[in-house]
Amino acid sequence: MNFPIDKIRNDFPILHQKVYNHPLIYFDNAASTQKPEAVINAITNYYRQDNCNIHRGVHYLSQKATEAYENTRKAVQTFINAPSSPEIIFTKGTTESINLIASSFGKKYIKEGDEIVISAIEHHSNFVPWQVLCQEKKAVLKFIPVTPGGELDMDGFRRMVNEKTKLISIAHVSNVLGSVFPLKEIIKQAHQSGIPVMVDGAQAVSHLQVDMQDLDCDFYCFSGHKMYAPMGIGVLYGKEKWLDEMPPYQTGGEMIKEVFFDHSTYNELPFKFEAGTPNVEGVYGLHAAMNYIQELGLLNIAAYEDELLKYATRKLMAIGEMRIIGTAKNKTSIVSFLVGNIHPYDTGTILDKLGIAVRTGHHCAMPLMELFKIPGTVRASFALYNTFDEIDVMAGAIIKIKQMFA
Ligand code: PMP
């Protein structure tokens, strides 16, 4: 495959350092990705040249920053092929996007006895907001069962949906197992019964080409920092018909049209959901990150990362006494595993001392760990700058760890 890996690695300054005297191998990309020079420059150039509050000033800097901010909204629209740009709301990230829906959609549409369906495999961010909402509204939270390989039990899903179901909220890609869920099937089935579907796309947008018009989901959430952009910036896409009817999530400046002593009227979309001064530097960084991804092409990135995942899975399985947690047919960029009986924390700590950054533990999915009856996993998650050589080094390190514990 002709993937410009040397050039890409040069674009990411942080990768070129030693950790405990070993070259850094960064396999914690599902937690957060590193940033290319183009993103770092976009942020520093914003503060050097454009810094100003937006939407409020008549002066040059304010107009320049406002234009860049709104252009990024259009760029996000193109990036995810959303029907229109007012359907793109800037948030702090996936967690805030989901909380926005749980709070606002929940206030308007969820009543006692209603049901919300999620899966047993969700990140706490797509779990706890619904749990709390259901407790507040005396609604019922239901969980699509998961197969031992980490796929959704679709028969279980079909049995679960009924006239009481008011919302389905599901990850696009599991942050623990890398499973890609059959969203189109879920959405089609839900829409036949008039049920809206929210998608947690935190682990998808940097690995798969996502297309709002093709998926036809009602809401889609993601975080910039998992797609080479800064922390503290994220997106909520929502269909206009829902966002128009939903009440504001936060109130204050920018989200109002007029304020009187006894009441206020609200701004139009998307501003109704963007109260207060937004993260303008984050939006500049996000734009640069999307440009970076688009220059390489998501299909090329996906193909390269798929090769990395297959190679890593083969290499790890060849070691022996390895348990791969999550063997879905459709997977991307994440391999979760256990080495013999060694506690994942021990494996992760020794890998770290050898310069290899992986994540260990429950990965913010404690119910899934309970279901699988494991204390946690070691998770290696790949990004476009990782290499086959790095996977070889990790496999060699695991062989050493096994010998140490033998
Ligand atoms: N959902 C999934 C699937 C995730 O992987 C994460 C981050 N680990 C989140 C939600 C939360 O994202 P953030 O912390 O950026 O809000």
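The figures here come from the full heavy-atom set of this structure, side chains too, leaving out hydrogens, waters and symmetry mates. Whatever order the structure lists them in is the order used to number ligands and atoms, beginning at 1.
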**Q** One residue to check: Ala171. Relative to ligand 1, which of side chain, backbone, both or neither has a non-hydrogen atom less than 4.0 Å away?
**A** neither
**Q** Tell me whether His225 has any N or O atom under 3.5 angstrom from an N or O of ligand 1.
**A** yes
**Q** Please, which pairs that meet salt bridge (charged side-chain N to carboxylate O under 4.0 Å, His left out) have at least one residue in residues 383-396, sequence neighbours excluded?
**A** Arg9-Glu390, Lys315-Asp392
**Q** What is the closest protein heavy atom to atom 4 (C) of ligand 1, and at what distance does it sit?
**A** His123 CD2, 3.4 Å
**Q** Consider side chain to side chain donor-acceptor pair (under 3.5 Å). Of Lys137, Lys166, Glu245, which one does Tyr109 pass it with?
**A** Glu245
**Q** What atoms of ligand 1 come within less than 4.0 Å of a heavy atom belonging to Ser223?
**A** 12 (O), 13 (P), 15 (O), 16 (O)
**Q** Which atoms of ligand 1 are found less than 4.0 Å from any heavy atom of Thr94?
**A** 10 (C), 12 (O), 16 (O)
**Q** Less than 4.0 angstrom from a charged side-chain N to a carboxylate O is my criterion; do Asp306 and Lys310 meet it?
**A** yes
**Q** May I ask you to say whether Asp216 pairs ionically with Lys239, meaning some side-chain N is under 4.0 Å from a carboxylate O?
**A** yes
**Q** Tell me whether Tyr345 at atom OH has more than 12 heavy atoms from other residues, nucleotides or ligands lying less than 6.0 Å away.
**A** no
**Q** Where does Lys226 meet ligand 1, judged by heavy-atom distances below 4.0 Å: at the side chain, the backbone, both, or neither?
**A** side chain
**Q** Under 4.0 Å from ligand 1, counting heavy atoms only, is it the side chain of Thr95, its backbone, both or neither?
**A** both
**Q** Which of the numbered atoms in ligand 1 are below 4.0 angstrom from a heavy atom of Gln203?
**A** 3 (C), 4 (C), 5 (O)
**Q** One thing to verify: whether Lys241 and Glu87 come together as a salt bridge, which I'm taking to mean a side-chain N less than 4.0 angstrom from a carboxylate O.
**A** no
**Q** Indicate yes or no: does Glu185 engage Lys188 in a salt bridge with an N to O separation below 4.0 Å.
**A** no
**Q** Can you report which non-hydrogen protein atom sits closest to atom 3 (C) of ligand 1, along with the distance?
**A** Asp200 OD2, 3.4 Å
